Protein chains: 2
Amino acid sequence: MTKKERILSVALYRFAHEGYNAVSTASIAKEAEVSEGLIFKHFKSKQGLLDTLREELESKMAAKVQPVMEAATAAEALHLVFDLLLNVDPVDFNYWRLQYQLKLNEAYEGHRSAQLYLDRLSWALQESGFPEPEMEAQLLFEIVDSALKRIVFEELPEKEKYIEFLRKKYAP
Amino acid sequence: MTKKERILSVALYRFAHEGYNAVSTASIAKEAEVSEGLIFKHFKSKQGLLDTLREELESKMAAKVQPVMEAATAAEALHLVFDLLLNVDPVDFNYWRLQYQLKLNEAYEGHRSAQLYLDRLSWALQESGFPEPEMEAQLLFEIVDSALKRIVFEELPEKEKYIEFLRKKYAP
DNA sequence: GTCTATACCCCGATAGAC
DNA sequence: GTCTATCGGGGTATAGAC
């Protein structure tokens, strides 16, 4: 693990747990066992460090959603939505936590790709015979999002049971 | 409006929109058109200012939930859950936004009262014939919470339509 | 790439006058 | 209750040596 990677790793953990503004570059440097100056050589600014993490986050997000977008049938797409929840890698928890931190404070542009995902859900639900697919897609999106949030914040002890309970409602 | 109230009002807005750590006492004082020292005379510290807002938030929350807790029948309780969403006062939006800011960063004790609310939902859903009332209560809680979030962050344009869509599922 | 030293500003908080 | 003045510390960022 290079020093650059150590910085990113510590910053990800701290930003995800405490929030961007609550974490100083000095404390990141100390925990990563590098000099504070090195952070600025590599990332220009504290914001630049966050931007790098955000890019990593976005590519991870795209990869995560891809199976649902490419499923052959509506039933398969709906099934994969819940697999996505079952298969969240604990190694990535901090990326999703960071996402929830960023989403809160305005001007976060997850909207573009979210719309494509919503459209996909809407299509799958319509194919599956739901009478109000757009409304239902919004709801499903919120349900899955809140479940992911509870998983990565370790607030969902009966994860498997809860996910299967959800799956029964949409992909029986 | 007293100066003390002006400070609280500005602090609420800024904390709710930008997050506690991103807002300085100097900028609050400037916007409220008071001296910075006055903030510390009234609230001891920046944290004390937040604590005052948190107390106001908690009493508002208790008042909001009360009708559901005191409903005579299960059907009425479920019906009131959605009324709660329909009747959110725009004047209070910033209090709920603040709540979502606070919930994110660790050690937030909304858990005690949340459990009573969850138990109440669970009871109402069991009475209404849902086969897995505990799971269903968790889900309903998340659905209502995410809808409230979208409302106060002004991300739910078709509010009434969405709420009635939800209501049909639980209190037909 | 990496460290040390340092600039410089802004932050939270206090003291004291009115 | 309210303001002005001020402090000490910690924040981001840069310069320059190695």
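Residue numbers start from 1 in every chain, and the chains themselves are labelled A, B, ... in the order their sequence lines are given, proteins ahead of strands. Computed from a predicted model, the values in this text were never measured in an experiment.
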**Q** Roughly, in whole Å, what's the span from CD in B:Q47 to C1' in C:dC11?
**A**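 The distance from CD of B:Q47 to C1' of C:dC11 comes to 15 Å, rounded to the nearest Å.
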**Q** How many Å lie between CD on A:E36 and P on C:dT4, as a whole number?
**A** 12 Å
**Q** Going only through I, L, V, M, F, W and Y residues with side-chain contacts under 4.5 Å, is there a path from A:Y170 to A:L86?
**A** yes
**Q** For B:Y13, is the OH atom crowded, meaning more than 12 foreign heavy atoms sit under 6.0 Å from it?
**A** no
**Q** How close or far is atom P of D:dG1 from atom NZ of B:K41, stated in whole angstroms?
**A** 11 Å
**Q** Looking at B:T25, does any N or O in its side chain come under 4.0 Å of the phosphate oxygens OP1/OP2 on C:dG12?
**A** yes
**Q** Rounded to whole angstroms, how far apart are CD on A:E33 and P on C:dT4?
**A** 13 Å
**Q** Mind checking B:T2 for me? I need base, sugar-phosphate or nothing, with any heavy atom below 4.0 Å counting as a touch.
**A**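 Touches nothing.
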**Q** C:dC11 phosphate, OP1 or OP2: any side-chain N/O from B:S24 under 4.0 angstrom?
**A** yes
**Q** Taking atom P of C:dT2 as reference, at what distance in whole Å does atom NZ of A:K3 sit?
**A**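 In whole Å, C:dT2 P lies 6 Å from A:K3 NZ.
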**Q** Can you check the A:K46 NZ to D:dG11 P distance for me, whole Å?
**A** 9 Å
**Q** At their closest point, which heavy atom of A:N21 faces which heavy atom of B:A22, and how far apart are they?
**A** ND2-CB, 3.5 Å
**Q** To the nearest angstrom, how far is B:I39 atom CD1 from C:dT14 atom P?
**A** 13 Å
**Q** Please tell me which of A:K44 and B:L38 maps to the more 5' nucleotide of DNA chain D, matching each residue to the nucleotide holding its nearest heavy atom.
**A**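 This one resolves to B:L38.
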**Q** Can you find a donor-acceptor pair, distance only, under 3.5 Å between A:K30 side chain and D:dG10 base?
**A** no
**Q** Whole Å only: how far is the CZ atom of A:F40 from the P atom of C:dT4?
**A**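 Atom-to-atom, A:F40 to C:dT4, this comes out as 16 Å.
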**Q** If you count the non-hydrogen atoms of other residues, nucleotides and ligands that lie under 6.0 Å from CD in B:E56, is the total more than 12?
**A** yes
